[in-house]
Structure formats: C-alpha cells, structure tokens
Amino acid sequence: MLLTLLQFFATKFLFLALHLESGAFHRSFTPELADKLAALYGIPVEDILDDYTLFLHRGGGDFLRRYREAKGWNRQQLADHAKVSRTSIRCWESGQKTIRQKCFCHLVENLGSDFPSMLRM
C-alpha cells in the first residue's frame, strides 16, 4: 500500500515537473489549486505560475494598486507610465474589469522590469 502511494506521488511529481518545464498548463490553476500544489510539493507558488497568472494570483488590480502606491504615483501617473487611460487603471484597481493577458504584457513592456520583479517578491 505504501509503495503504491509513493509511486502515485512520484508519477504526479514527474508529471508536474515536465509540464512546468514546458510551460504547458500554467493558467489552468485556480489560486487555491496553485497554493495546494505548491504546498504539496514544497515549492513556492511562484515556481509553478507564469507572470500573468501570478499577477492574477496576487490579486490583479489590487496588486496594480499596491505597485502604484509603492511607486508613490497617483492613478494618472501610473496611466501615463503604462500608456493606458486613467479610467482603465480605475476599473482594474476597483475590480470592475480584469486585466487581460494582452494588457498585462503592455503594462510589463511600458513599466519596465521592476513591475514583474515585484510579483516574485
């Protein structure tokens, strides 16, 4: 029985490791499942999620607000740096709209490397 259980977990771990390397299913994780998988395998959740999914996992618009506040910017300043409208920033931060992956990539491109770096802290 114990050997069968160990084989099962070894197979699941190998499956996870192969898919992590290939980047095949990062966005299939809900935040709860990502946390459980990370805990099960004893690895940080950051190691199993790509930047966009980690951004959503960290709260999406709420993370964007914390980033803006850490920079000491108001919404208009963030919008200027990100090259988006202040209305978009307000809608994202308030949770009225979810930031799509294309917009997230646009933010990363315009805000620079400290934006995704803050995700992994």
Side-chain angles (χ1 to χ4, degrees):
M1 173 78 169
L2 181 59
L3 183 57
T4 304
L5 190 58
L6 287 173
Q7 288 173 330
F8 171 78
F9 282 115
T11 303
K12 291 296 181 187
F13 182 75
L14 181 59
F15 176 78
L16 177 64
L18 290 172
H19 280 82
L20 288 175
E21 286 182 21
S22 70
F25 60 63
H26 292 204
R27 271 183 290 290
S28 64
F29 297 138
T30 63
E32 296 79 19
L33 180 57
D35 288 334
K36 287 178 182 179
L37 282 170
L40 176 66
Y41 292 109
I43 57 176
V45 73
E46 296 86 8
D47 289 354
I48 61 173
L49 301 176
D50 62 5
D51 284 347
Y52 176 67
T53 308
L54 183 60
F55 171 74
L56 295 177
H57 186 269
R58 298 260 193 258
D62 193 46
F63 174 83
L64 188 62
R65 180 190 48 77
R66 290 190 310 271
Y67 173 81
R68 175 178 60 78
E69 290 171 350
K71 296 292 250 180
W73 294 341
N74 61 35
R75 285 180 175 161
Q76 186 60 57
Q77 289 170 311
L78 176 58
D80 291 344
H81 286 281
K83 298 180 180 152
V84 297
S85 72
R86 187 180 59 77
T87 302
S88 291
I89 300 294
R90 181 184 49 78
C91 289
W92 292 335
E93 286 186 356
S94 69
Q96 289 177 310
K97 293 186 178 181
T98 300
I99 300 172
R100 294 187 177 195
Q101 187 169 11
K102 184 177 179 180
C103 291
F104 174 78
C105 292
H106 183 79
L107 291 173
V108 170
E109 183 179 310
N110 292 317
L111 295 175
S113 63
D114 68 325
F115 181 66
S117 295
M118 193 172 161
L119 280 171
R120 302 213 170 258
M121 294 175 141

Checklist outcome for this item: Shortest non-hydrogen pair, Val108 vs Pro116, comes out as CG1-CG, 4.0 Å

Checklist entry - Is the closest side-chain donor-acceptor distance between Gln77 and Arg68 under 3.5 Å? => result no

Checklist entry - Would you call the rings of Phe55 and Phe104 parallel, tilted or perpendicular if under 30° counts as parallel and over 60° as perpendicular? => result tilted

Item to check | Residues in salt bridge (Lys or Arg N to Asp or Glu O under 4.0 Å) contact with Glu46, at least two apart in sequence or another chain | outcome: Arg58

Checklist outcome for this item: In terms of heavy-atom contacts, Glu93 and Arg65 come closest through OE2-CA, 3.4 Å

Checklist entry - If every non-hydrogen atom of Cys91 is compared with every non-hydrogen atom of Ser94, which pair is closest and at what distance? => result O-OG, 3.3 Å

Checklist entry - Got a sec, which residues hit side-chain contact (heavy atoms from CB on, under 4.5 Å) with Gln76, two or more places apart in sequence or on another chain? => result Asn74, Ala79, Asp80, Arg86

Checklist entry - Judged by atom type as modelled, is there a donor-acceptor pair below 3.5 Å linking the side chain of Arg75 to the main-chain atoms of Ile89? => result no

Item to check | Approximate separation, where rounding is to 0.5 Å, of Tyr67 OH and Leu78 CG | outcome: 7.5 Å

Checklist entry - Between Asp47 and Ile43, is there a donor-acceptor pair closer than 3.5 Å when you use the side chain of the first and the backbone of the second? => result no

Next on the checklist: On a heavy-atom basis, which atom in Asp50 and which in Arg120 lie closest, and how many Å separate them?
Outcome noted: C-NH2, 3.6 Å

Next on the checklist: What's the separation between atom OG1 in Thr53 and atom CG in Leu119, rounded to the nearest 0.5 Å?
Outcome noted: 10.5 Å

Next on the checklist: Main chain of Val84, side chain of Ser88: is a donor-acceptor contact present, judged purely on distance under 3.5 Å?
Outcome noted: no

Item to check | Donor-acceptor contact present, side-chain His106 to main-chain Ala82, <3.5 Å | outcome: yes

